Amino acid sequence: MELRACAFKYGDDINTDYIISGKYKFKSADMEGMATHAMEDLDPDYYAKVKPGGGFLVAGKNFGMGSSREQAPLVLIHSNTKTVLAKSFARIFYRNAINTGLPVVECDTDRIDDGDELVVDLGSGVVQNLTKGIEIPFAPLPSVMAQLLADGGLVEHFKKHGGFNLEGRE
């Protein structure tokens, strides 16, 4: 799967309250409404910038630390964030992202700047930074996770296959 979008870059230790503030995530289950508040404590214009054509949220290390609630990756999906690229992820956020259908890529983000045009090939494990004319490799997702993403997340996978059906997968 190949995705193309603009990079929106932030720093290290982005916790789930930065992704969606607690003042919103306990008041509503409306993901579209909550998505308008995505990343607003770090960038009040994030939703307005990303929603029209989609974008890549690019960060440093330890992205998604904090709460184990699924609202954070869901809010990013509903804000039209195509993929999150970071040096490292909090493990619970990483699994929640895959389970909800949000692609996440661990890679060196030092050579990506805000506004760079990127192509992310999830299958081959390459980020092409078209702005800088460079390629950044990453380890492709295991086939089990790639299948969950292709199906739209764990719930959609269960609906499609009637259970956790990954025969022939590693």
Side-chain angles (χ1 to χ4, degrees), residues 1-10 14-21 24-26 28-40 46-59 62-107 109 112 118-128 138-170:
M1 175 189 305
E2 199 174 270
L3 304 166
R4 182 180 182 142
C6 183
F8 297 91
K9 189 164 184 183
Y10 303 91
I14 307 292
N15 66 45
T16 55
D17 282 331
Y18 283 138
I19 298 167
I20 182 65
S21 174
Y24 302 113
K25 64 182 163 187
F26 301 111
S28 174
D30 172 26
M31 287 299 140
E32 291 295 329
M34 286 197 315
T36 64
H37 301 289
M39 301 293 288
E40 77 177 11
Y46 182 81
Y47 179 81
K49 292 188 291 191
V50 175
K51 183 62 177 179
F56 296 125
L57 197 160
V58 178
N62 201 24
F63 185 87
M65 60 186 251
S67 167
S68 61
R69 298 181 183 273
E70 288 115 1
Q71 287 109 325
L74 285 170
V75 162
L76 291 176
I77 290 169
H78 287 279
S79 72
N80 211 15
T81 301
K82 293 182 176 188
T83 301
V84 178
L85 295 89
K87 289 181 180 181
S88 64
F89 290 88
R91 293 294 102 190
I92 292 174
F93 178 87
Y94 187 88
R95 285 306 309 195
N96 282 341
I98 299 295
N99 287 342
T100 58
L102 176 66
V104 285
V105 170
E106 283 190 348
C107 66
T109 57
I112 301 171
L118 307 176
V119 175
V120 176
D121 189 330
L122 296 172
S124 68
V126 174
V127 175
Q128 294 177 29
F138 64 91
L141 292 174
S143 62
V144 170
M145 290 182 182
Q147 181 64 52
L148 291 177
L149 285 174
D151 289 340
L154 188 59
V155 171
E156 294 305 314
H157 177 82
F158 269 66
K159 288 178 186 176
K160 182 176 179 180
H161 299 284
F164 197 67
N165 181 4
L166 295 169
E167 290 182 28
R169 304 272 175 195
E170 55 185 61

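Note that the numbering runs from 1 along the sequence shown for the chain. The shown structure was predicted, so the numbers you read here are calculated from the model rather than taken from an experiment. Hydrogens, waters and symmetry mates play no part in the numbers below; they use all other heavy atoms, side chains included.
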Does [X] reach the side chain of [Y], with side-chain heavy atoms less than 4.5 Å apart?
X      : Y      : result
Leu102 : Lys82  : no
Val104 : Thr83  : no
Val120 : Glu2   : no
Phe56  : Ile112 : no

Can you sort out the partners of [X] under side-chain contact (heavy atoms from CB on, under 4.5 Å), two or more places apart, ordered by chain and number?
X      : result
Ala86  : Ala59, Phe63, Phe89
Thr36  : Tyr47
Ala146 : none
Leu154 : Asn99, Leu148, Phe158, Phe164

Partner residues of [X] under the salt bridge (charged side-chain N to carboxylate O under 4.0 Å, His left out) criterion, sequence neighbours left out:
X      : answer
Glu106 : Arg91
Glu40  : none
Lys9   : none

Tell me every residue that passes side-chain hydrogen bond (donor to acceptor under 3.5 Å, both in side chains) with [X], counting only those two or more places apart in sequence or in another chain.
X      : result
Tyr10  : Asp43
Ser88  : none
Asn80  : none
Lys159 : Glu156

Check the pair Val84 / Leu76 against side chain to side chain contact (heavy atoms under 4.5 Å, CB included), numbers first and verdict last. CA-CA 9 Å; Val84 178; Leu76 291 176; 3.9 Å; yes

Contacts of type ring pair (Phe, Tyr, Trp, His ring centres under 6.0 Å), residue His78, not counting sequence neighbours: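 Once residues adjacent in sequence are excluded, His78 has no partner under the ring pair (Phe, Tyr, Trp, His ring centres under 6.0 Å) criterion.
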
